[in-house]
Amino acid sequence: LWFAENEHNQGHGASDDRQQICMTKVRKHHEDEQLDKLLEKQAEEKAAAEKRHKEDLKREQEELKKEQEERKERREKEKRERAEKKLQKHLDKEERVVQSWEKDDKTVPNVTLYCFSLMMPFGYEPGLLQEQKLRGVGIYACDEAVVFSNTTTLVSGEPSPVEVSLIPGSLAVAYGGRWMTALNTGVFNRLWME
């Protein structure tokens, strides 16, 4: 600008109007520079604020995620502890039962177990009882076992494969009820009275 170039003249040699125009242009140029700097500074501040906001948001999300994971871990730990406590309680109960049995074994050494079975002289029962006797299982795992039936021979005419104690009367019963099972309560009551 002419005025800027002739500033050392302190305005000498320029008309007042021209000097006024130059001064206005200089002021406008200076104001534009100030405005540009201000806008640039505001843009930088806004960018910095947005960056801080994003960082804060990211930090909050990370903290929330960490808090959720910690809460989940606490719940799982509490669940494990409850399960372990329940198991320990069950084991303690079982241990008390075993101790009670051991105490009973010491105080009542002559207890024996008597088992019996009522066998039909046909079907699968004779063979099943014979196999149980061979293996020492079922009623034959007891201290004493007896098989009851109304005959010592099978319907086929062969002798019973296991020793039989006789009970009088027929073992034949009707079938019925909801599940069409043998209505044999009377037969077992008769056996019990033997």
Side-chain angles (χ1 to χ4, degrees), residues 54 56-194:
K54 285 180 181 178
D56 290 344
L57 198 61
K58 184 178 178 182
R59 188 170 49 256
E60 286 174 7
Q61 288 173 342
E62 287 172 354
E63 287 172 0
L64 181 63
K65 185 178 178 183
K66 184 179 178 183
E67 187 179 319
Q68 288 172 339
E69 288 173 355
E70 288 173 354
R71 213 171 321 150
K72 183 180 177 185
E73 286 176 13
R74 273 196 310 273
R75 281 194 306 265
E76 289 174 357
K77 183 180 178 185
E78 288 169 0
K79 188 177 178 182
R80 275 194 312 272
E81 287 173 353
R82 281 194 305 271
E84 287 171 3
K85 196 173 182 180
K86 187 176 179 182
L87 177 62
Q88 189 60 48
K89 188 176 178 182
H90 181 72
L91 291 174
D92 291 345
K93 183 179 177 184
E94 293 294 321
E95 188 175 336
R96 285 192 302 274
V97 169
V98 169
Q99 288 171 351
S100 171
W101 290 345
E102 289 172 350
K103 183 179 176 185
D104 287 347
D105 282 347
K106 291 175 185 174
T107 58
V108 191
N110 295 323
V111 174
T112 59
L113 189 60
Y114 172 78
C115 301
F116 68 91
S117 181
L118 177 62
M119 179 186 80
M120 298 295 285
F122 57 86
Y124 68 90
E125 291 180 5
L128 177 63
L129 286 165
Q130 180 184 23
E131 192 63 32
Q132 287 179 347
K133 184 175 183 181
L134 289 172
R135 294 175 186 237
V137 296
I139 66 168
Y140 296 103
C142 300
D143 297 302
E144 189 176 346
V146 177
V147 175
F148 292 95
S149 189
N150 64 342
T151 179
T152 57
T153 58
L154 303 180
V155 173
S156 64
E158 296 176 19
S160 174
V162 293
E163 187 179 332
V164 172
S165 292
L166 291 174
I167 62 166
S170 173
L171 300 181
V173 294
Y175 286 82
R178 183 176 179 184
W179 308 109
M180 288 305 292
T181 55
L183 305 175
N184 54 11
T185 304
V187 174
F188 279 98
N189 285 342
R190 198 171 76 230
L191 170 62
W192 186 254
M193 297 309 290
E194 288 290 318

Polar side-chain atom of D143 near backbone of L113 as donor-acceptor pair, under 3.5 Å:
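Looks like yes, one N/O pair under 3.5 Å.
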
Measure from the side-chain N and O atoms of R190 to the backbone N and O of P168, and report whether any donor-acceptor pair falls under 3.5 Å.
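Yes, R190 side chain to P168 backbone: donor-acceptor pair under 3.5 Å.
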
What's the separation between atom [atom1] in [X] and atom [atom2] in [Y], rounded to the nearest 0.5 Å?
X    : Y    : atom1 : atom2 : answer
L129 : L134 : CG    : CG    : 11.0 Å
Q88  : E95  : CD    : CD    : 8.5 Å
M119 : N150 : CE    : CG    : 9.0 Å
K77  : E70  : NZ    : CD    : 12.0 Å
I167 : T151 : CD1   : OG1   : 11.5 Å
K89  : R82  : NZ    : CZ    : 14.0 Å

Least distance between heavy atoms, [X] atom then [Y] atom:
X    : Y    : value
Y175 : A182 : CD2-N, 3.5 Å
I139 : S117 : CD1-CB, 3.9 Å
P126 : P161 : O-CG, 3.5 Å
V187 : S170 : CG2-O, 4.4 Å
P121 : L171 : CD-CD1, 4.3 Å

Under the criterion side-chain contact (heavy atoms from CB on, under 4.5 Å), I'd like the reasoning laid out for V146 against Y114: C-alpha separation, chi angles, the key distance, then a yes or no.
CA-CA 8 Å; V146 177; Y114 172 78; 3.6 Å; yes

Residues [X], [Y]: salt bridge by 4.0 Å N-O rule:
X   : Y   : answer
D56 : R59 : yes
E84 : R80 : no
E67 : R71 : yes

Going through the checks in order, is the side-chain contact (heavy atoms from CB on, under 4.5 Å) test met by F188 and L191?
CA-CA 5 Å; F188 279 98; L191 170 62; 4.2 Å; yes

F148 and F116 aromatic ring geometry - parallel, tilted or perpendicular at 30°/60° bounds
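Rings of F116 and F148: perpendicular, as their planes differ by over 60°.
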
Would you find more than 12 non-hydrogen atoms of other residues, nucleotides or ligands less than 6.0 Å from E163 atom CD?
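Incorrect, the count does not exceed 12.
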
Is there a side-chain contact (heavy atoms from CB on, under 4.5 Å) between K79 and R75 once you walk through the steps?
CA-CA 6 Å; K79 188 177 178 182; R75 281 194 306 265; over 6 Å; no

So L64 and E60, do their side chains get closer than 4.5 Å, heavy atoms only?
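E60 vs L64: side chains apart.
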
Against L128, only a single residue in Q130, Q132, E131, E125 fulfils side chain to side chain contact (heavy atoms under 4.5 Å, CB included); can you say which?
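One option only clears the test, and that one is Q132.
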
Under the side-chain contact (heavy atoms from CB on, under 4.5 Å) criterion, do L118 and W192 qualify, and how do the steps go?
CA-CA 10 Å; L118 177 62; W192 186 254; over 6 Å; no

